[in-house]
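In what follows, a single structure is set out as C-alpha cells and then discussed.
We count ligands from 1, going down the list as the structure has it; atoms in each ligand are counted the same way. All figures in this text were calculated on a predicted structure; none of them were measured in a lab.
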Amino acid sequence: DDRAVRALGHLADLHHLVRHHADQPVGRARDGLTALALRQLEVLGLRPEAVPSWTEVRQVVLHSPSGRTVELALPAGPGTHAVVARRRDLDAALVDLARGAGAEVLEGSALLGADRDEKGATVHLEGIGEVRARHVVGADGAWSPLRRAFGLGGAGYRGDWHALRQYVSGTEVGSRLHVLFDAGLLPGYAWAFPLPEGGANVGLGILRGGRVATGDTGPLWRALSSRAPLRDLLGPTAEADGPLRAWPIPAHLGAVPLTAGPVLFVGDAAAVTDPLTGEGIGQALLTGVLAAEAVVATAGGRAGDAAATYAASVRRELGLDHTFGHRLSGVLSSARVTRAGIRAVGATAWSRRNFARWMFEDYPRALVGTPRRWHRGVLSGPGAFATA
Ligand SMILES: Cc1cc2nc3c(=O)[nH]c(=O)nc-3n(C[C@H](O)[C@H](O)[C@H](O)COP(=O)(O)OP(=O)(O)OC[C@H]3O[C@@H](n4cnc5c(N)ncnc54)[C@H](O)[C@@H]3O)c2cc1C
C-alpha cells in the first residue's frame, strides 16, 4: 500500500546501511515478534516466506509463581498476532528488502568514529573510509558506538533489563509459547519460545536493581532449567544449540539522547524497548520508520528540523506507553500481585483473549488511559499479514 511504498522509499533515501556483523547479525535476541513488530514488517514489505524459521504462535501458556497455568488463545485469524523467528533469518530478510529498495548495504564495516557540524555528519568506516551525509541514523544497539563516538553521555547506563537466552534443540516445547513467572525472578520472567522441529529459544530476563544481581543470572538460569516447569518443557533430549548469551536491554525513553543535531538514534540505541517485557524489535522498527519519515518530511528545511520532528513523533508514539509500562512493572515485582493478576487473566474467555493481545502489543500498553486512541475495532482488528 501507499505507506509501504513510502517506507521503502525512505530506506532508499537513507541510502547507506552499515552493518557490522554480516555473518552474525544478532546473536542474542529472543526472536519473539509481537503484533507491533509484525505490523511494521508488513508495512516495510517483508514477506513471511522470506524468513525460513517463521513460526506462527496461536497459543500462549502463562506459568504463575503458584504453579498454576493459564492458557491464552490468540485470535485464529484473520492475520497473525505473534511469531517466533530466528533473528539471523529476520535480519537477513530485512537486509535483502533494503537492498531491493535501493539502499547500498555496506556489510562487515565497523563504525570507527564520527564527526558532526551544522550541515551534517561524517562517519569513519572500517575498510571504507569517510562517508558524509546530511543525516545519520544510529541503529547500533544498546552500546551505540555512534553515541559514544560523539561523547553523548549515557556512559554509565547499563539498560533497565538484563536478559540471557539459549537456542536448544530436541525439546518438548511444542507449538505453544510459554512465559514463566518464578517468584525469584519477578518482575522478570523466563520463557520458552517454539521454533521449528522441536527447537526452542529459552531464557530469562530480570529487571536491573531488583532482587537478582546481573552476575547471578547464570547460576539462576541453571537452577531454573533443572526444575519444573522449565525442565519438563525442555524434556530429556534437549541439547544446547550454541552458547548462552547475555545482554542489557535499554527501556527508558530519555535515558540516552534521541537526537544530536543531524544524528537520530533508533531502537536500543534510543532505549525505546518496552519497559514491561523488554521486547524491542517492534519499537526498533517503528523508530527506524519514524526517523526516515522525519528526514524525508524536513528535506530542504533547516538543520535540526528532522531531529525535532523525530523526537516529537517518538514521544507521541511511545511516551505514554513507556510511563505506563514502568509503573506496571514496579507493581508486578510482588509475587502476590502477579499470582492474583494471572488468576484474573484466566477468569474469562474475554480476559484471556484480550490479555494475550495486549501482552503481544496488539494495542498500545496505555490504551486504557488514552481515549484519543480508542476507535472502533481497536480490540478486535485483524492481525498482520491478513491478506497474505
Ligand atoms: C536475551 C534477549 C532477548 C530478547 N527477546 C526479544 C523478543 O523476543 N522480542 C523482542 O521484540 N525483543 C527482544 N529483545 C530486545 C531486542 O533484541 C532489541 O530491542 C532489538 O534487537 C533492538 O534492535 P536494534 O536494531 O535497535 O539493535 P540491535 O538488534 O542490537 O542491532 C544493532 C546493530 O548494530 C550493529 N553494530 C553494532 N556496533 C556497530 C559498529 N561499531 N559499526 C557498525 N554496526 C554496528 C550490530 O551489528 C547490529 O546489527 C531481546 C533482547 C535480549 C537481550
Side-chain angles (χ1 to χ4, degrees), residues 16-38 40-41 57 82-88 90-92 94-95 98 105-114 123-128 131 136-149 158-167 177 179 188-195 200-206 208 214 217 221 243-251 256 264-288 291 359-361:
H16 284 104
L17 222 130
V18 180
R19 198 159 153 250
H20 185 191
H21 304 294
D23 49 340
Q24 273 185 311
V26 169
R28 57 184 174 74
R30 186 179 43 206
D31 311 334
L33 299 176
T34 61
L36 172 65
L38 293 169
Q40 296 297 321
L41 291 169
V57 174
V83 162
V84 181
R86 285 183 184 259
R87 267 304 287 278
R88 180 182 296 266
L90 177 67
D91 286 7
L94 281 170
V95 167
V105 184
L106 309 173
E107 298 200 72
S109 316
L111 175 89
L112 300 177
V123 291
H124 308 272
L125 302 178
E126 185 185 10
I128 289 176
V131 176
V136 176
V137 176
D140 50 353
W143 300 122
S144 183
L146 188 64
R147 186 175 67 229
R148 281 186 281 138
R158 299 266 176 281
D160 306 89
W161 284 78
H162 181 80
L164 48 89
R165 77 99 184 96
Q166 181 145 49
Y167 285 117
L177 184 153
V179 182
Y189 57 94
W191 67 82
F193 282 10
L195 281 167
N201 176 330
V202 293
L204 64 80
I206 55 144
R208 271 182 174 271
T214 51
T217 46
W221 171 247
L244 188 65
R245 303 243 185 201
W247 207 261
I249 301 186
V256 289
L264 316 181
F265 293 98
V266 305
D268 280 12
V272 291
T273 300
D274 177 31
L276 193 60
T277 61
E279 282 157 338
I281 298 171
Q283 288 76 358
L285 291 164
L286 171 67
T287 48
M359 185 167 127
F360 286 94
E361 301 183 320

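- Contacts of A139 with ligand 1, taken as heavy-atom pairs under 4.0 Å, involve the backbone alone.
- Considering backbone and side-chain N/O atoms, R245 never comes within less than 3.5 Å of an N/O atom of ligand 1.
- Residue contacts with ligand 1, taken as heavy atom pairs separated by less than 4.0 Å, involve R87 solely via side-chain atoms from C-beta onward.
- Contacts between F193 and ligand 1 below 4.0 angstrom, taking non-hydrogen atoms only, involve the side chain exclusively.
- A side-chain donor-acceptor contact under 3.5 Å links T287 to the backbone of G267.
- Between A271 and V256 the shortest heavy-atom distance is CB-CG2, 3.8 Å.
- S109 and I128 get closest at one heavy-atom pair: OG-CD1, 3.2 Å.
- Going from atom NE2 of H124 over to atom CG of L112 covers 9.0 Å, rounded to the nearest 0.5 Å.
- Interface of D268 with ligand 1, defined as ligand atoms under 4.0 Å from a residue heavy atom, comprises 18 (C), 19 (O), 20 (C), 22 (C), 26 (O).
- Interface atoms of ligand 1 facing P145, defined by a heavy-atom separation under 4.0 Å, are 38 (N), 39 (C), 40 (C), 41 (N).
- Residue contacts with ligand 1: T273 is included, with a non-hydrogen atom under 4.0 Å away.
- With sequence neighbours excluded, the residues satisfying side-chain hydrogen bond (donor to acceptor under 3.5 Å, both in side chains) with T34 are E361.
- Of all the atoms in ligand 1, the ones that sit under 4.0 Å from a non-hydrogen atom of A110 are 42 (N).
- The shortest N or O to N or O distance between G280 and ligand 1 is below 3.5 Å.
- With values rounded to the nearest 0.5 angstrom, W221 atom CH2 is found 7.0 Å from Q166 atom CD.
- Applying the 4.0 Å criterion to heavy atoms of W247 picks out, from ligand 1, the atoms 53 (C).
- For ligand 1, the atoms sitting less than 4.0 Å from at least one non-hydrogen atom of L111 are 40 (C), 41 (N), 42 (N), 43 (C), numbered in the order shown with element in parentheses.
- For ligand 1, the polar-atom distance check finds an N/O of G32 within less than 3.5 Å of one of the ligand's N/O atoms.
- Distance alone, capped at 3.5 Å, is enough to place a donor-acceptor pair between the W161 side chain and the P275 backbone.
- For I249, every heavy-atom contact with ligand 1 shorter than 4.0 Å involves the side chain, none the backbone.
- Residue contact check: G267 has heavy atoms under 4.0 Å from atoms 26 (O) of ligand 1.
- In this structure, A37 falls outside the shell of residues with a heavy atom less than 4.0 angstrom from ligand 1.
- Side-chain atoms of R147 come within 3.5 Å of backbone N or O of A142 as a donor-acceptor pair.
- Taking every non-hydrogen atom of G141 and a distance limit under 4.0 Å, the qualifying atoms of ligand 1 come out as 27 (O), 30 (O), 32 (C).
- When heavy-atom distances to ligand 1 are checked against a 4.0 Å cut-off, I281 comes that close through both its backbone and its side chain.
- Annotation for L111 and P145: closest pair CD2-C, 3.8 Å, computed over non-hydrogen atoms.
- Atoms of ligand 1 found under 4.0 Å from any heavy atom of G278, numbered from 1 in the order shown, are 13 (C), 14 (N), 15 (C).
- From D274, atom CG reaches atom CG of D160 across 11.0 Å, with rounding to the nearest 0.5 Å.
- Residues Y167 and R87 come closest through the heavy atom pair OH-N, 4.0 Å.
- Within the 3.5 Å criterion, the main-chain N or O of R158 finds a donor-acceptor partner in the side chain of R208.
- Not a single N or O atom of L33, backbone or side chain, sits closer than 3.5 Å to an N or O atom of ligand 1.
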